[in-house]
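Throughout, protein chains are lettered first and strands after them, A, B, ... in sequence-line order, and every chain is numbered starting at 1.
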Amino acid sequence: MNFNSIEFLALFLPITFATFYLVPLSWRLWVLSISSLIFYGVSGLEVLAAFIIAILWGYATAFLFGRWPRWLALIIAISVPMFFLIMFKYLNFILGTVQAGEQTRNYFWVFFSILLPAGISFYTFEIVSYSIDVADKKIGPERSLIRFTAFATFFPHLIAGPIMRYHDLCGQLRALQETPVLSPRLMGGLKLLSIGLFGKIFASDVCAMFIVRADSVQLDQLTGPDILTKTAFWSMQIYYDFWAYSLMAIGLGRLFCIELPVNFRQPYLSANPREFWRRWHVTLSLWLRDYVYIKMGGRERYVRNILIVFAACGLWHGAGWNFVVWGIFHGVMVIGYHFTAPYWDRLPKVLAIAVTFTLVSFAWPLFFLSLHDYAAFLGQLGHASWTSSVYQPIHWAYLALLGIVTFAFNEEKWLYNDPEKRGTVMDWPSVSALMFFVGLMFISLSRTFIYFRF
Amino acid sequence: MRAMNLTFYDRRWLIRFGIVLSVLIGFAVFSTSRLPSFREPPFDFYAMKNKDLFIAHGLTRRQEGAMKVGFAESFAPPEIGMYGNHSFQFFGADAFDKPADPSYYFNYWYANLSLPEIYRYLRHMEDAGRLPRKTILVQITTPNNDNGLHIISWGHELPPDLLFISAAGEGFFAKAWRLTGTVGVLIQNWLHEIFNYNTFILGLLQQGPDSRVIDPQTCKSPEASGDRPAWIRRLPLTVQDMFNLEGGSLFCQRRMWWRAFRRDGSNESEFADETVIQNGNALVDSHRALKTGDEVKIAEIMRAINDIGKRHGLKVVFIVPPVYETDRHDSVVNEIFNRGVALAPELTVIDHRKLNTDLSMFKRYDHPSPKYFRVVADELRKLGIVQ
């Protein structure tokens, strides 16, 4: 189920919300878990079954630590979730890379017959991080199956993050079980939900619409301005897509008294590639840092480790060489910054932000194009004329508007502000209600969130 | 709620949010409820002249279909009635070399209609005493078109009273299950209609059917006059249409004629701006809408439809059109469907799936062209079903 669907906003959410607050407190996590499984199960019973198996496996195998050798227990604990991840997400990529024949593929028809389960990369990383944290004795194994299930399934973060650690959430889940009268941040939740929905449709999806405009023209007909404009639209599309999702996730969490971390901190205001990864998909960066980078030795072999981490980051996003190259591209940028930081940091801030934004933006097309198409796309810059054939001033005006919102406003002042102390027009209930309503009315034009497919 | 404690500020904010949202949603519900039904009062296709067009531009799918149901319920039925979905939208009386005369032939095509829904449509017409007088043509969606979809799976776009009609021999639990599912889908459809900017605007502006009938020969199109100011031409078409900024008759613009109904319920293919590309459905297993065992259901529902005709001495002919694609006759959905048809050998089935590579037969990959419908008409003549 998508957050930007009528079924979710007009049926699922109100019913779940009302049930959650009407049932006795001991049932609250049951309501959250069952509704989250329904939310997920809408995509198919096979993917739901795989998800439930992964949860039960993660829960049960945590009790092996301390009884079995750590390495053995860890391998067993992460084997099933990783098996599902590899088979559902990477099998086709692996077989393609080794050029497996049709007969070999036929052995795996079960996995090929099921579409990629939504959010599999997210929930796998969460379950794996739980197992590793138990193995490292950072947390003890959770005895309550319902609490563990609620952690893994909680629908606001299930499909596209933020990637939660168990210790971040278990206290809040316990509070739901123990606090008779809850104090949800409904105002903050509904505000973020409304703005997220509105932003998804009128920023991300409008960009997507303009991108399609260029798709209707043969590549060799595109001109330099078209290529640059399309790249900028891609950049804004993915930015606002993930921005909107992250806002909706936090907003939804607040409706149920769960505070999810901010996963997206105005990344286009980053002054260097390293900062970008501290602002973009923060919880993924931290996950890779804690469970890959540091485990491999961290700064001891910096270049090797960074390249591996970013290649893994690319692969996490998608099963394709384009994603791997995208990851390595970012890795090289981070390494480049690492060795040139004294010079880079001396740049005027506006210039540093512009350079970072430009570099990041030229990598985004790899999310949407194969390596060959990406090369051809950028190669067209060298051949094209400099009069636009696809885009017109209205498109650039729209980009400029998005640019102003992206670069000129501090979200801490209008999005994550305290409305009682420093309220803005965005805190007016009528503005939120209007944005929510307009979002609902135009929801038929909306597309699935890009990060849902990861 | 007893489990919730809100601060004064939050409570006040929430009340205001709720009031504003309720008013806006109430306005959307009001606007949608103003949409003319087009079923009651019924539109009379007989009142149109031979070459007239009924402009369907701006109607919701529900209205388009309801209009035909209303006509079928209230006016004299034709000799030959065609029941199917958009695949047969260009099947007009011209295929039989006849003028568009609803007393001879009428095309009742309706978006996404499948066999169980055609059955209910016909049962409803049977109860109303409005079945065709001689022949019922039933179009079956080609299995490869949508990977088996719209054959026995429901589109749920018929008016609710038709969807609730029971099938002969339907058990209590099967019926309860089906009706529960149907109610769920109807609620979903209703929500999609309310929360839709298009229906919202249409609800405020749309008028009844009479202004929509035009004669393309005499209709003066402001497009053709070329005297529209440049600033109007630069505006989005939706805005131009909404305020009729082009002047003249809005429905005289040729771009509005796409999907316009002719007097016989079919669409004029000449106005359809469609190109033929091959069917791109990958026919993947995970999205297959027919499974092993469905062959029995296919045969059962085809027999049930045939029985309606039999009860009234009418000939029932099932037609499976081609889709434009490479040869994929051995697809799983095709084979399941073949087995279903083989289970009911007594039925008359015209199967044209093997015309899949003849480009001239298509207006779009899943919309056969008028040439194809002449082939169908010839075959019906050979079978002695039509003169």
Side-chain angles (χ1 to χ4, degrees), chain A residues 5-7 9-11 17-18 20-25 27-28 44 46-47 109-116 176 179-191 194 201 255 257 392 394 418-420 423 427-445, chain B residues 1-29 31-32 60-61 147 183-204 234-236 238 275 282-288 291 332:
Chain A
S5 67
I6 297 218
E7 288 74 14
L9 293 167
L11 291 174
F17 181 80
F20 177 79
Y21 284 101
L22 286 173
V23 297
L25 78 169
W27 292 10
R28 283 179 188 154
E46 297 96 337
V47 297
W109 67 270
V110 174
F111 298 99
F112 285 126
S113 68
I114 297 170
L115 279 191
L116 176 66
L176 294 184
T179 314
V181 181
L182 298 169
S183 302
R185 295 177 63 189
L186 291 187
M187 184 230 145
L190 289 171
K191 174 188 163 186
S194 307
I201 296 167
L255 299 186
C257 286
Q392 293 163 3
I394 190 162
D418 180 348
E420 289 189 60
D427 295 306
W428 293 359
S430 49
V431 171
S432 290
L434 190 64
M435 289 178 107
F436 188 79
F437 176 74
V438 173
L440 274 178
M441 297 306 282
F442 284 86
I443 215 162
S444 57
L445 302 179
Chain B
M1 292 178 200
R2 62 193 168 86
M4 196 189 288
N5 178 32
L6 296 176
T7 63
F8 171 74
Y9 183 88
D10 262 13
R11 191 186 302 272
R12 194 180 59 179
W13 192 94
L14 198 63
I15 289 170
R16 290 177 180 175
F17 176 88
I19 290 172
V20 176
L21 190 59
S22 303
V23 168
L24 291 170
I25 290 176
F27 193 38
V29 173
S31 173
T32 310
T60 65
R61 288 157 72 105
N147 205 3
V183 169
V185 175
L186 289 175
I187 291 172
Q188 223 178 339
N189 289 351
W190 181 69
L191 288 172
H192 277 270
E193 200 164 273
I194 288 172
F195 296 122
N196 187 314
Y197 70 98
N198 203 28
T199 44
F200 181 74
I201 295 167
L202 288 176
L204 297 176
R234 286 205 193 101
L235 289 171
T238 320
T275 48
L283 306 182
V284 291
D285 270 351
S286 53
H287 278 78
R288 187 151 50 78
K291 59 183 188 302
V332 180

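Between A:Ser194 and B:Phe17, some side-chain heavy-atom pair lies under the 4.5 Å cut-off. Between A:Ser444 and B:His192, every side-chain heavy-atom pair lies at or beyond the 4.5 Å cut-off. Residues A:Leu434 and B:Val20 fail the side-chain proximity criterion, which asks for heavy atoms closer than 4.5 Å. With a 4.5 Å cut-off on side-chain heavy atoms, A:Leu190 and B:Leu14 count as touching. In this structure the side chain of A:Met187 never reaches within 4.5 angstrom of the side chain of B:Arg11, judged on heavy atoms.
Among B:Val284, B:Leu191, B:Ile187, the residue making the largest number of heavy-atom pairs under 4.5 Å with chain A is B:Leu191.
Minimum interatomic distance between A:Met441 and B:Phe195 (heavy atoms only, all atoms of both residues): SD-CA, 3.7 Å. Residue A:Pro184 comes nearest to B:Asn5 through the heavy atom pair CD-O, 4.2 Å, listed as atom of the first residue, atom of the second, then distance. A:Ala433 and B:Leu21 get closest at one heavy-atom pair: O-CD1, 3.7 Å.
The part of B:Ile194 that comes within reach of chain A is its backbone (N, CA, C, O), which places non-hydrogen atoms under 4.5 angstrom from that chain. Residue B:Leu6 touches chain A through its side chain alone, counting heavy-atom pairs closer than 4.5 Å. Of the two parts of A:Arg185, only the backbone, made up of N, CA, C and O, holds a non-hydrogen atom closer than 4.5 Å to a non-hydrogen atom of chain B. Of the atoms belonging to A:Leu9, not a single heavy atom falls under 4.5 Å from chain B.
Atom CD of A:Glu420 and atom CZ of B:Phe8 lie 10.0 Å apart (nearest 0.5 Å). Note that CG of A:Leu440 and CZ of B:Phe200 are 12.5 Å apart. Values are rounded to the nearest 0.5 Å. A distance of 13.0 Å separates CZ of B:Arg16 from OG of A:Ser432, quoted to the nearest 0.5 Å.
Judged purely by atom type and a 3.5 angstrom limit, B:Trp13 has no side-chain atom pairing as donor or acceptor with the backbone of A:Leu186.
Using a 30° and 60° split on the angle between ring planes, A:Phe442 and B:Tyr197 fall in the parallel class, below 30°.
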